[in-house]
Trainee: 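Before anything else, here's the structure in question.
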Amino acid sequence: EGLQGRSLLPLARGESAATAPRPVFITARCEPQRVPHIRARLTDKGLVRAVRLPGIKLVEFPMAGSRRYPEVFDLGDDPGERINQAKTNVDTALILHRELERWQADSGSDPEPAAPELDPEVEAALRELGYIDD
């Protein structure tokens, strides 16, 4: 009671879920070097965010300022997510973008989280291991 989400107990019991599919939201740290196919100037200062519904997915990568680079994939025709349809499927991109904005506002998540404060010893160890660059 009072929590977001729904019980998965009926599914565990083998009962059908009679409700419409709900979007799945994802956020991750942006690592521009891991997406070399994107020619836009991405930044690692914000989060990649995505929303997925059956058959369709929108991924938004952070760029300078508050701009975002969108990728839209038709998962039925392109399960490998190789053909970005953001320019040819603008209406879908806009609808899914609005879903992301609504979710972000409702969840209170920050699109550009502050860097965590680390204990100096932990920071030195991470730097020595190559996890933190100067």
Trainee: Would you call Arg102 and Glu99 a salt bridge, using N to O less than 4.0 angstrom?
Mentor: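 A salt bridge is present here (some side-chain N lies under 4.0 Å from a carboxylate O).
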
Trainee: Testing the basics here: between Pro70 and Leu58, what is the closest heavy-atom pair and its distance to 0.1 Å?
Mentor: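 Looks like CB-CD1, 4.0 Å.
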
Trainee: Find out whether Lys57 and Val59 are in side-chain contact, i.e. whether some heavy atom of one side chain is under 4.5 Å from a heavy atom of the other.
Mentor: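 With C-beta onward as the side chain, the pair touches.
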
Trainee: List the atom of Phe73, the atom of Ile83, and the distance in Å for their closest heavy-atom pair.
Mentor: CD2-O, 3.4 Å

Trainee: How far apart are the closest heavy atoms of Val48 and Phe61, and which atoms are they?
Mentor: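 For Val48 and Phe61, the tightest heavy-atom pair comes out as CG2-CD2, 3.6 Å.
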
Trainee: Provide the closest heavy-atom pair for Leu100 versus Ala50 in the form atom of the first, atom of the second, distance.
Mentor: CD2-O, 3.5 Å

Trainee: So do the side chains of Cys30 and Leu47 get within less than 4.5 Å of each other, counting heavy atoms only?
Mentor: no

Trainee: Please find the pair of heavy atoms, one from Leu75 and one from Leu53, that lie closest to each other, and give the distance.
Mentor: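 Smallest interatomic distance, heavy atoms only, reads CD1-O, 4.4 Å.
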
Trainee: Drop me the distance from Leu42's CG to Gln33's CD, to the nearest 0.5 angstrom.
Mentor: 10.0 Å

Trainee: For a quick test of your reading: what N or O donor-acceptor pairs under 3.5 Å do the side chains of residues 85-96 make, sequence neighbours left out?
Mentor:
residue: Thr88; atom: OG1; partner: Gln85; partner atom: O; Å: 3.4
residue: Asn89; atom: OD1; partner: Thr92; partner atom: OG1; Å: 2.8

Trainee: Given side chains that start at C-beta, do those of Leu126 and Leu118 come closer than 4.5 Å, heavy atoms only?
Mentor: yes

Trainee: Do the non-hydrogen side-chain atoms of Arg49 and Ile26 ever get within less than 4.5 Å of each other?
Mentor: no

Trainee: Is any side-chain heavy atom of Arg52 closer than 4.5 Å to one of Pro23?
Mentor: no

Trainee: Does a sphere of radius 6.0 Å around CZ in Arg67 hold more than 12 heavy atoms from other residues, nucleotides or ligands, not counting ones at 6.0 Å or beyond?
Mentor: no

Trainee: Can you check whether Tyr69 reaches Val35 side chain to side chain, under 4.5 Å on heavy atoms?
Mentor: no

Trainee: Start with the C-alpha gap between Glu71 and Arg82, add the side-chain angles, then the distance that decides, and say whether salt bridge (Lys or Arg N to Asp or Glu O under 4.0 Å) holds.
Mentor: CA-CA 10 Å; Glu71 289 189 326; Arg82 299 190 190 290; over 6 Å; no

Trainee: If we only count heavy atoms from C-beta on, is the Glu60 to His97 side-chain gap below 4.5 Å?
Mentor: yes

